[in-house]
Amino acid sequence: MQTSRSTFTAADRLHRRAEFVHVQRVGVRSQTAHFVLYAARTHDAPTVRLGTTVPRKLGNAVVRNKLKRRIRECFRLQLRSLFDLGTSLVVIGRNGAQSLTTSAVADELGNAAGQLRARLESRV
RNA sequence: GGAGUGAGUCGGGCGAUCGCUCCUAUCAGGAGAGGAAAGUCCGGGCACCACAGGGCAGGGUGGCCGCUAACGGCGGCGCGGAGUGAUCCGCGGAAAGUGGCACAGAAAACAUACCGCCCGUUUUGGGUAAGGGUGAAAUGGCGGGGUAAGAGCCCACCGGCGGCCGAGUGAUCGGACGCGCAUGCUAAACCCCACCCGGUGCAAGACCAAAUAGGAGGGUGAGUGGCCCGCUCAUAUCCCUCGGGUAUGGUCGCUAGAGCCCAUGAGCAAUCAUGCGGCCCAGAUGAAUGAUCGCCGCCCGCGAGGGUACAGAACCCGGCUUACAGACUCGCUCCGGUU
RNA sequence: GCGCCAGUAGCUCAGGGGAAAGAGCAGCGGCCUUCUAAGCCGCGGGUCAGGGGUUCGAAUCCCUUCUGGCGCG
């Protein structure tokens, strides 16, 4: 099973704007102090996919890349195992997220993802 | 040693674990952000449209000579200015024409005379531009002669203008001669002169796959230069409009190049040439180059500890501009000390 | 990635070489009114986005930086 490994390849990412929009329209939503998360069942392949959005307001390219890489690292190591296969997750950074430490990002995303999983199950 | 000035280099290091992208000889191994990758201010390659051609319009550059694929870049030289100096900054034409120069001032450039000064007269007329005053700017400067008072009116020096001779590829410099001097500033005002510039951009462009309905109406036009000419294509299997459908998919372009390093030679230099000299150095596409931990370096702090710049390739190069903690190298100048 | 536009008072905008930079709304004070609104009178408020240059003189012309916005596909 792919999710048991900690890899992160092209198959694990969202690629098109339409996919991002779809998750944000039909998925369940959870908001924290520094992030907005959406999750939805989208596909049949045995993967959980991630897309990240960091607006330009948060900083220059170096700052934004750093935040996206931290989010991706949290997803790879802990978030993915919380969701069923076929789920897509979108994480949007809010102002202030760029100055968090990696462990703070992990805590905040972990709590939010737990709520999302519960709401996804209750919806189905 | 201090102050300054001009070039240039680096811009953290080592290791462990978990990951990402690409490549290859695929149980594995290798490579993987910058000096600015940035801003997009210039220039070129490449691609398509004519092989980018003529004219107009528009834009750019601006001392001279060179370098270069090209440039608004760089190098050398010339002139002017700033600085004790090393060094730095500036640069076509105002006697081709048009316009502008507020306020103040008599007058802002065809000219003119407010207060003065001088002569004659006592109403006023004439001669002056020395002095005063206004202004950002007032019709060469300074000294002497001269005169009623003055003035290039005359003279010397400086400045200016003109052609001549000489040096230099040239900008320009030097020389003697002539002219008492005629030409205020502004061209990042219009403009003139010389030179340069076709447009659009890798989302260029090429191929493959999939899909729909050769439905209706109109047309000499279409190929995107701002316009005209010209050129090419099509006269229906073409173009436009309306309506509808599929869909915004894949591969190539895509990284070996005006490439990097070294040596020798030419040149003051920018730069160029040669070597059967060495090297291969990102190629992603919601977009890789990361996360965590340990040790060391540097900075701040008594310490616990904290900090470690600016910043992330997107077709590729050459420049310019802007941002940048800190560290280092070399040349030169001035001042001070020692011998 | 490429192309284009804007930035002037708290807000919306004029002004395109010579001003002490204006207008409307808003604000403050006064008059009127029992009070408020309306009306009338007055007042304050500006590094003309920042820096450099051209000119005697720059909000205006030129260069550069920053910020905001729009378009293409």
Side-chain angles (χ1 to χ4, degrees):
Chain A
M1 185 72 81
Q2 191 171 2
T3 50
S4 65
R5 298 204 300 268
S6 302
T7 60
F8 190 81
T9 63
D12 301 312
R13 300 195 300 262
L14 297 184
H15 291 285
R16 307 214 164 277
R17 172 158 180 79
E19 295 174 319
F20 281 75
V21 170
H22 177 75
V23 171
Q24 287 175 51
R25 286 180 65 133
V26 308
V28 295
R29 178 171 180 276
S30 172
Q31 182 168 331
T32 70
H34 302 104
F35 297 100
V36 181
L37 290 85
Y38 293 90
R41 292 197 53 85
T42 52
H43 55 285
D44 296 325
T47 56
V48 177
R49 303 199 297 172
L50 172 72
T52 57
T53 298
V54 180
R56 279 202 15 191
K57 201 176 172 182
L58 266 60
N60 59 28
V62 174
V63 170
R64 297 199 307 273
N65 276 338
K66 199 163 193 170
L67 181 60
K68 289 178 87 165
R69 285 162 179 159
R70 282 175 167 159
I71 293 169
R72 195 185 67 196
E73 218 38 33
C74 294
F75 175 81
R76 183 173 71 81
L77 295 174
Q78 51 172 306
L79 264 53
R80 173 157 50 192
S81 57
L82 297 174
F83 293 98
D84 295 331
L85 299 182
T87 304
S88 290
L89 181 68
V90 170
V91 180
I92 299 171
R94 305 181 69 205
N95 201 7
Q98 70 271 25
S99 49
L100 295 178
T101 63
T102 304
S103 57
V105 171
D107 288 346
E108 202 167 320
L109 290 181
N111 293 335
Q115 293 178 23
L116 279 183
R117 181 180 62 169
R119 287 205 258 155
L120 262 183
E121 285 170 353
S122 67
R123 172 182 281 195
V124 174

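Residue numbering restarts at 1 for every chain, and letters A, B, ... go by the order of the sequence lines. Every heavy atom of this structure was used, including side-chain atoms; hydrogens, water molecules and symmetry mates were not.
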query = Stacking between F8(A) and the base of G19(B) (centre distance under 5.5 Å, interplanar angle under 30°)?
reply = no
Under a 3.5 Å distance rule, please check whether [X] uses its side chain to pair with a backbone N or O of [Y] as donor and acceptor.
X	Y	answer
D12(A)	T9(A)	yes
D84(A)	T87(A)	no
R64(A)	T53(A)	no
Q78(A)	C74(A)	no

Expressed in whole Å, how much space separates the [atom1] atoms belonging to [N] and [M]?
N	M	atom1	answer
C42(B)	C197(B)	C1'	13 Å
C310(B)	U322(B)	C1'	11 Å
G127(B)	G120(B)	C1'	11 Å
C161(B)	G90(B)	P	26 Å
A187(B)	G57(C)	P	12 Å
A247(B)	U212(B)	P	10 Å
U200(B)	A209(B)	P	35 Å
G174(B)	G160(B)	P	11 Å

Quick one: look up who [N] pairs with, Watson-Crick or G-U, both distances under 3.5 Å, and put none if it's unpaired.
N	value
U33(C)	none
G214(B)	none
C195(B)	G60(B)
U232(B)	A222(B)
G201(B)	C46(B)
A288(B)	none
C272(B)	G265(B)
G1(B)	C335(B)

key: Nearest-nucleotide 5' precedence on RNA chain B, S103(A) against A61(A)   = S103(A)
inquiry  = Both R72(A) and L14(A) contact RNA chain B. Which one's nearest nucleotide lies toward the 5' end?
reply    = L14(A)
Euclidean distance, atom [atom1] of residue [X] to atom [atom2] of [N] [Å, nearest integer]:
X	N	atom1	atom2	answer
L50(A)	C20(B)	CG	P	14 Å
R70(A)	U289(B)	CZ	P	14 Å
K68(A)	A288(B)	NZ	P	7 Å
R64(A)	A38(B)	CZ	P	14 Å
L77(A)	A291(B)	CG	P	13 Å
K66(A)	G312(B)	NZ	C1'	12 Å
Q78(A)	C18(B)	CD	C1'	14 Å
H15(A)	U285(B)	NE2	P	8 Å

Pick one for [N]: is it syn, with its angle within 90° of 0, or anti?
N	answer
U212(B)	anti
G35(B)	syn
G76(B)	anti
A222(B)	anti
C298(B)	anti

message = Side chains of Q31(A) and R29(A) only: does a donor on one sit below 3.5 Å from an acceptor on the other?
response = yes
ask   = Would one find a side-chain N or O of T102(A) under 4.0 angstrom from OP1 or OP2 of U292(B)?
value = yes
query = Is any side-chain N or O of R76(A) closer than 4.0 Å to OP1 or OP2 of C18(B)?
reply = no
Out of [options], which has the shortest distance to the side chain of [X]?
X	options	answer
N60(A)	A311(B), C20(B), U289(B)	A311(B)
R69(A)	A311(B), U289(B), A291(B)	U289(B)
T9(A)	G312(B), C20(B), A291(B)	C20(B)

task = For a side chain to side chain contact (heavy atoms under 4.5 Å, CB included) with Y38(A), tell me which candidate from V26(A), V91(A), I92(A), L89(A) qualifies.
result = I92(A)
task = Considering only NZ, NE, NH1 and NH2 on the basic side and carboxylate oxygens on the acidic side, decide whether R76(A) and E73(A) come within less than 4.0 Å.
result = yes
task = Would you indicate what T53(A) reaches in the nucleic acid, counting non-hydrogen atoms under 4.0 angstrom: base, sugar-phosphate, or nothing?
result = base
inquiry  = What's N65(A) touching, base or sugar-phosphate or nothing? Going by heavy atoms closer than 4.0 Å.
reply    = base
request  = Could you grab the distance from atom OG1 of T32(A) to atom CG of L37(A), nearest 0.5 Å is fine?
outcome  = 6.5 Å
ask   = G286(B) base to T52(A) side chain: any donor-acceptor pair below 3.5 Å?
value = no
